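Working notes, structure below.
A, B, ... follow the sequence lines: proteins, then strands. Residue 1 opens every chain. Everything numeric here is computed off the predicted structure, so don't read it as measured data.
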Amino acid sequence: MRTVIFETAIKLLLPLFIAFSLFLLFRGHNSPGGGFIGGLLAAIGLFLRAMVFGTKNTIATYKIRPIGIIAIGLSVALVSILIPLFSGLPLMTGLWFDLTLPLIGKLGTPLMFDIGVYIVVIGVVLNITFILSNG
Amino acid sequence: MLLIILIGLIAAAVAATIHRIDNNRAGIWLSILPLGIFIWGIAHLNSVLLNNSIIEVYPWVDSICLSLTFMLDGLSLFFVLLVSGVGFFIFIYANSYLHNDPNKGKFLTYLSLFMTAMLGIVMSGNLLILFIFWELTSLSSYLLIGFYSAEEESRKSALMAMLVTVSGGLFMLAGIILLGIEAGTLELDQLLANPTLLLNNAKAPIIAVLIMIGALTKSAQFPFHFWLPNAMAAPAPVSAYLHSTTMVKAGVFLLARLSPVFVNVPIWQSVLVHIGGITMVFGALMALMNTDMKKVLAYTTISALGIMVLLLGIGTTISVQAAMVFLLAHALYKGTLFMVTGNVDHETGMRDLNLLSGLGKRMPYTFYAGALAALSMAGVIPFFGFVAKEILYGAAFDTPLVSGIVGVATFLTGVMFTALAFEFGYKIFMGMQAETPKHPHEAPFGMILGPIVLATFGLIGGIFSEQIAQPLLHQSSSVILNVDKVLQLGLWHGFTLIFALSLLTLLFGYGVFKVRQHIRAFSTKLSLSNLPGPEALYFKSIPALLQVAIKQTMFFQSGILRNYLTTIVLTLVSLIVAISIIGGDFSVIGLSKTIQVKWFEVVFIVLMIVGVVNTLTTTSRLTAIVSLGVVGYGTAAIFLYYGGPDVAMTQFLIETLTIVLFVLVLNRLPKFVDMDKRLSKRIAFPSVIFGATMSTILLWVLSQQMNSPLKDYYSQSSYLLAKGKNVVNVILVDFRGIDTLGEITVLGIAAIGIYALLKVKFSKS
Amino acid sequence: MQNVYLLSVLLIPLLTAITILFLWGKVVAQKIVGAISSILYLFAAIMLFNQALTSGMAIENVGNWPIGFGIVLVVDQLSAIFLMLCAILSVVAFWYGSSFIESKASLSIFLPVYFFLLFGLSGAFMAGDIFNLYVWFEVMLVSSFVLFTIGASRSQLEASLKYVTINVVSSALFLIGIGILYGLTGTLNMAMLGKLLPELQNQTLATVGASFFLISFGIKAAIFPLFFWLPATYHTAPIGFTALVVALLTKVGIYSLIRFFTIIYPLQGTPIQPILLVLAAFTMVVGVFGAAAQTDFRRILSFHIVSQIGYMIMGIAIYTPLAIAGALFFVVHNVLVKTNLFFIAGLVGKLFGTYKLKELGGIMQKLPFVAILFAISAFSLTGIPPLTGFWGKYLLAKGGFETGNTLITIVTAVSLGVSLLTLFSMTKIWNEAFWKPFPNICGDLEPSTNFRSILKAYPGMLVSIFVLTAIILVISFFPNSSIEWCMSAAENIINRDMYINGILQHN
Amino acid sequence: MEIILSILTGLLFAAGLFLMLHKGMVKLILGIMMLSYATNLFIFIVARITRGLPAIIPRNQDVLANSFADPVSQALILTAIVIGFGIQAFAIVLIKRVYAATGTTNMDELNKTDNLE
């Protein structure tokens with residue numbers, strides 16, 4: 001599998017995968033997409049890279065530790081739902097900044113939550129596929 | 001009285017420690033407890049004799065209106081003195097009996113626990129409290145019978161006693177609960193003060209029977225008697241204490257206690273008279289057939305308990321009084337005889353009546369006690385046993401019930417008792433000294449103190465019955481009868497018919513003693529003891545029970561997943577069918593706005609069906625997976641087509657990922673397990689039924705009206721309030737975001753689980 | 001200000017689990033974090049319990065949406081009792097587990113998953129939304145899958161595969177039930193469902209929907225004839241890993257049944273009521289017979305769980321305040337006692353290396369304190385007064401007899417009879433493992449241990465057994481407040497309007 | 001169309017159970033997956049389907065006005081799919097381990113833990 005063509009292709013494709021997955025993540029609030037779908041795509045991209053370069057290499061290159069990624073994702077999601085408590089509002093109340101960024105859209109705690117989902121999904125899928133393909 | 005119980009429990013708790021500190025005298029230290037209680041009882045004698053019952057109430061479980069009530073009246077005090085008085089000697093006796101046993105501490109713990117529980121029973125002022133102590137006596141009896149736990153016989157007997165008494169206890173509990181519901185109270189003083197509470201109550205007979213079963217099992221009445229002879233596996237002090245003088249009398253106590261409540265329930269009397277009568281005769285006969293001293297005593301105890309039950313059942317003034325008098329007499333001589341037997345067993349290593357003889361010289365004090373007790377048992381003037389027999393005969397021949405039969409039966413029982421008394425008081429001590437496994441010596445002081453005192457008391461109590469025994473026994477029988485009728489005890493009532501009968505009893509008794517070997521031989525020939533009885537039933541029913549249990553478990557717990565899943569599905573389907581039939585409302589409002597079918601949809605669905613069928617029938621694993629993929633993608637397409645792009649995308653991606661996973665795992669697995677045509681046929685049935693049910697329910701629900709307030713609210717506020725236009729996504733991250741938090745947690749855990757399954761090398765523990 | 005204690009009970013486990021994940025590989029630090037947060041969790045649960053008792057329901061309206069459109073978390077008295085129980089158990093099971101498990105690899109899996117499990121349990125007991133309950137169920141189940149497979153021995157794997165499959169089916173039925181209810185009423189909120197479902201025109205269809213929940217929760221609770229997964233699974237994994245699962249999994253099923261069949265679909269007078277009564281009787285009988293047939297310490301205990309579940313189901317099905325209070329008290333009693341028995345079994349297994357009664361013996365002579373601890377719990381389980389089991393039995397029996405209904409009376413009578421068989425099988429353990437002399441079958445020497453050496457080797461195990469025994473004894477001799485709480489919770493749950501209006505009129 | 005879809009759903013349920021009742025472990029997993037399709041379809045259909053628009057508010061509007069698909073059931077299904085994936089993945093790995101430990105993929109041979117001794 002490990003041929004030059006694949007390696008080059010992946011090197012080019014991976015950023016695209018990640019970019020597209022981010023795009024799906026951010027637009028999810030208004031159009032089909034969202035953290036879960038985005039996360040899956042990003043993970044598939046990284047998985048493809050791992051198939052070509054080997055999992056060990058991929059882990060080393062990106063300093064990925066899947067369980068760590070899961071923990072990070074969960075904590076992002078957790079923090080996002082805790083934020084409103086500091087304003088005396090119930091858990092998970094959506095709080096929004098009053099500005100809209102291009103491509104990303106409005107910033108707010110639900111978005112942050114979705115980012116948490118995105119990260120967890122990446123972690124989970126990588127964890128499973130890395131372990132399985134490693135034997 | 002609460003204090004007594006608490007001290008008793010503390011004593012039980014520290015008994016082992018005392019034994020560790022002073023293992024030679026632990027029992028003597030602990031005997032202070034019953035002695036103290038006895039003195040306490042004597043101190044209250046006067047006020048109780050003046051018909052003042054003492055009641056103590058402590059709040060306990062207010063939420064179910066249960067308070068810790070204690071009551072001390074004539075009946076209670078009689079039993080308190082009995083339990084503590086005999087208990088005092090038992091503790092001293094046990095101290096010597098288990099002289100070098102390392103488990104003596106444990107034994108004393110159990111014994112203290114038992115004594116406390118027994119005192120609790122007799123002092124309870126509330127039936128539920130009584131029940132609590134009641135069960136505790138069963139429990140401590142279990143521990144005591146199984147004291148020699150290394151021997152299988154002990155363990156078996158302990159279990160038997162426990163099962164019989166506890167099952168009786170369960171009936172009793174049901175009875176008590178029903179009584180509480182019907183009478184509105186379980187406080188004894190209220191129950192006893194209103195004897196008309198259960199008058200004309202339709203449930204009264206049921207309650208009476210339930211409570212009687214509890215009492216009769218405890219008091220080893222036929223047909224529940226068989227546990228008692230087996231309980232003789234316990235050490236001698238236990239037999240002397242629990243299984244003759246106190247615990248087995250708890251049933252008699254309860255019957256006496258509740259007599260005023262049930263006296264108007266007709267079934268009460270007739271059951272007690274019949275069961276008591278049968279037990280009386282049967283027990284005495286069985287005693288005559290046996291030669292193991294402990295067994296013989298056990299059967300005579302059963303018989304004696306039968307007499308008491310019978311007397312309570314007759315329910316006349318004199319019979320109730322007789323019951324109390326006989327109870328005391330029996331406790332005195334039977335406790336002594338058990339201890340005497342213990343001494344003989346302890347010193348000679350055997351206890352067969354046929355073989356033992358001539359021990360009198362070697363064991364003079366034991367002989368003295370045994371002879372005295374036997375004389376009381378035989379009912380010889382001027383022993384207390386004689387007093388008891390007089391009043392017993394008086395009651396038996398005075399009964400209007402089944403006139404004659406009761407009297408004759410009682411007389412016969414008296415004759416057999418006398419015959420056995422000769423065995424215990426005369427035969428084993430006189431004549432040639434027999435060969436025994438151990439060389440007999442007199443037992444140590446601790447082991448002769450109790451028998452001598454109790455036996456002597458049987459003599460003094462007879463001579464001075466009017467002064468010593470009469471006041472308290474009078475008071476206790478008055479409590480039972482709820483009337484104050486004079487009880488007159490005494491040795492001499494003139495040359496009456498009863499006196500003649502007493503003399504005849506002695507005469508016939510001696511005759512039976514002389515021909516006892518012939519009677520035994522005759523019964524062996526008839527193999528009377530091998531007749532099927534309740535004991536055989538017990539021994540048959542336990543393996544039968546186990547057989548049923550094993551069969552049932554193998555049936556339900558087959559280990560085959562298929563059976564489990566089929567059970568689940570069939571349960572569901574039959575539940576639904578049953579419910580639909582019971583409910584009976586099959587109303588259908590009609591599918592509103594049905595969607596017209598288009599041709600390409602049909603093609604599409606046919607494609608999916610082909611995928612399904614292919615998955616089911618293919619023998620190639622890869623084909624199966626690909627076909628399943630077709631179905632999965634088809635589902636995604638349906639989602640997409642009917643307005644669910646997010647679901648469709650997710651389904652699509654997940655499908656792909658799952659197939660990848662599958663392929664990664666599959667190449668390491670062997671080929672498909674072969675298709676089995678017969679199996680397929682068998683499993684087709686539940687599958688089809690399941691599918692059909694689900695389709696029907698789906699259509700049924702669709703036929704109803706639905707309006708979803710959620711849908712409306714979300715469509716209105718998704719953008720305006722939650723700043724998102726993709727409503728599904730807004731629901732996922734905002735409206736119902738907690739679901740999503742749970743969802744990603746599940747993913748995380750699954751990932752850790754997979755990691756654990758494949759990566760972690762566990763050391764074999 | 002939001003309800004701090006409610007949120008703490010929900011989020012402390014999640015926070016702990018995440019922290020432990022970050023500390024991956026550093027077992028000592030993980031243990032310390034776990035120990036501290038389990039104590040905090042207990043504290044929060046006690047405060048929450050107190051709050052629910054004194055000042056009514058605690059409600060957290062997650063997302064601040066109008067009721068019914070978001071998800072509410074509700075802690076009423078019923079939830080509070082279960083949460084409290086869960087908190088007590090979580091502390092002792094944590095001590096026990098972290099002392100029981102000696103392998104570092106196992107611990108590093110056990111610790112995070114343990115707190116994820118706790119997260120799921122907390123959520124399940126406070127869910128006010130039927131789909132949300134499903135999600136918490138799944139969190140709990142996946143955690144239990146992992147805990148059951150740690151160590152990956154043959155029997156564990158074998159049992160887990162069946163366990164997973166049956167739970168997948170159960171979850172599917174749960175989902176379908178949710179679908180049906182949503183399709184009929186258009187809502188998922190429990191209070192709203194409780195309001196709308198009895199008003200539905202076609203009650204038969206509502207009952208059909210309810211039957212899916214009966215089966216799904218029934219599988220979780222292990223009622224007849226859906227119990228088989230339990231005796232097949234519980235004895236396979238080392239007790240240190242699965243104590244919390246074993247203690248609480250079936251009770252979540254019971255909790256859900258109570259919640260569903262009071263608030264959402266009131267059982268009284270429906271065709272499901274007699275069915276449930278009959279199932280309860282069968283559950284008791286079949287379970288106890290199963291126990292009688294077994295010859296393995298843990299298997300006997302497992303089958304007993306099934307039998308005891310029958311009592312709880314009976315209480316629910318009788319559907320009077322007293323009977324439901326009895327069922328609740330029975331849950332409390334059973335969780336404490338059964339867990340303690342499993343703990344003791346685990347200790348015995350650890351010391352003797354076997355759970356087979358044939359190969360055990362002489363514990364009474366060798367380790368009398370273990371015998372005493374076992375006896376207290378065992379006799380409590382069989383309902384010997386005045387231990388906890390007796391109070392539960394008494395409340396249930398009284399509740400049953402009070403109704404005067406023939407079927408209920410029969411089932412109640414069966415329940416009393418079953419306790420005799422329970423006694424029979426507990427004495428089997430007692431006779432074989434404790435009284436009988438050590439058998440010396442394979443020439444094994446009897447392990448030479450005493451109190452001190454055990455305390456040194458497994459302090460956490462011993463302490464947790466002692467603590468549980470102490471709690472059992474306290475409840476046994478001072479049952480008043482516990483019974484009062486159960487009664488109050490039962491009254492509240494039967495008067496469904498209190499719950500429904502309390503939530504619908506929140507804010 | 002609802003009728004056809006309902007029958008299809010029933011068929012998927014039947015097929016799922018049929019696969020799970022088989023001996024093979026792989027079939028068991030396939031059955032689990034089939035069962036989850038069936039369940040998801042069930043929820044999707046039971047919430048009433050429309051041949052209409054997805055529940056996405058058009059660019060220039062603030063609310064959804066026309067007939068649109070029920071977003072609630074979709075959100076539920078999405079959650080269920082993801083959870084189902086987690087469990088399926090675990091189950092797939094589990095059969096791999098079970099095979100490694102027992103040497104069989106025949107479910108009927110896995111009855112040791114239930115049997116009486």
Looking only at the aromatic ring of each residue, does the gap between the centers of B:F735 and C:W65 stay below 6.0 angstrom?
yes
In this structure, is the centre-to-centre distance between the rings of B:Y142 and C:W435 below 6.0 Å?
yes
Got [X] and [Y] here, is their nearest side-chain heavy-atom distance under 4.5 Å?
X	Y	result
C:F227	B:T567	no
B:E135	C:F390	no
C:T165	B:Y564	no
B:I64	C:K398	no
B:L545	C:L421	yes
B:I579	C:T270	no
B:F133	C:P385	no
C:Y182	B:M706	yes

Using non-hydrogen atoms only, which part of [X] is less than 4.5 Å away from chain C: side chain, backbone, both, or neither?
X	result
B:L721	both
B:A158	side chain
B:I181	side chain
B:T553	side chain
B:M554	neither
B:L210	neither
B:N707	backbone
B:L710	both
B:K106	side chain
B:F171	neither
B:I542	side chain

Who wins among [options] for the most heavy-atom pairs under 4.5 Å with chain B?
options	answer
C:V113, C:L205, C:V139	C:L205
C:F478, C:Y134, C:Y394, C:F434	C:Y394
C:Q203, C:E402, C:K428, C:E102	C:E402
C:L322, C:V146, C:V135	C:V135
C:N189, C:L188, C:L117	C:L188
C:M487, C:M364, C:E138	C:M364

Measure the [atom1]-[atom2] distance between [X] and [Y] for me, rounded to the nearest 0.5 Å.
X	Y	atom1	atom2	result
B:S149	C:W430	OG	CH2	9.0 Å
C:L173	B:L572	CG	CG	5.5 Å
B:I568	C:L226	CD1	CG	6.0 Å
B:L575	C:L279	CG	CG	8.0 Å
B:D734	C:N64	CG	CG	10.0 Å
C:F212	B:I697	CZ	CD1	3.5 Å

Looking at [options], which makes the most heavy-atom pairs under 4.5 Å with chain C?
options	value
B:K156, B:Q557, B:M694, B:E182	B:Q557
B:I738, B:L178, B:V166, B:L546	B:I738
B:I550, B:N103, B:I582, B:L170	B:L170
B:L747, B:I754, B:I576	B:I576
B:L565, B:I132, B:N563	B:I132
B:S717, B:G748, B:A150	B:A150

Looking at every non-hydrogen atom in both residues, tell me the closest pair between B:S580 and C:T204 and how far apart they are.
CA-CG2, 3.7 Å
Work out which heavy atom in B:A750 is nearest to a heavy atom in C:V142; give both atom names and the distance.
N-CG1, 3.7 Å
Taking side chain as everything from C-beta outward and backbone as N, CA, C, O, which of these in [X] sits under 4.5 Å from a heavy atom of chain B? Side chain, backbone, both or neither.
X	value
C:I384	side chain
C:Q201	both
C:V288	neither
C:W485	neither
C:T382	neither
C:L200	neither
C:K393	side chain
C:L21	side chain
C:V169	side chain

Which residue in the set C:F224, C:F289, C:F303 passes ring-ring contact (aromatic ring centres under 6.0 Å, His included) when paired with B:F556?
C:F224
Tell me, with the steps shown, if C:T427 and B:L163 meet side-chain contact (heavy atoms from CB on, under 4.5 Å).
CA-CA 10 Å; C:T427 47; B:L163 285 181; 5.6 Å; no
Keeping to residues at least two apart or across chains, list the side-chain hydrogen bond (donor to acceptor under 3.5 Å, both in side chains) pairs with something in residues 740-749 of chain B.
none
Test log, rule side-chain contact (heavy atoms from CB on, under 4.5 Å), inputs B:I749 and C:F145
CA-CA 9 Å; B:I749 304 165; C:F145 296 164; over 6 Å; no
Worked verdict on C:F228 versus B:L561 for side-chain contact (heavy atoms from CB on, under 4.5 Å):
CA-CA 10 Å; C:F228 23 64; B:L561 183 63; over 6 Å; no
Test side-chain contact (heavy atoms from CB on, under 4.5 Å) on C:L14 and B:L741 and set out the steps.
CA-CA 10 Å; C:L14 179 62; B:L741 183 67; 4.1 Å; yes
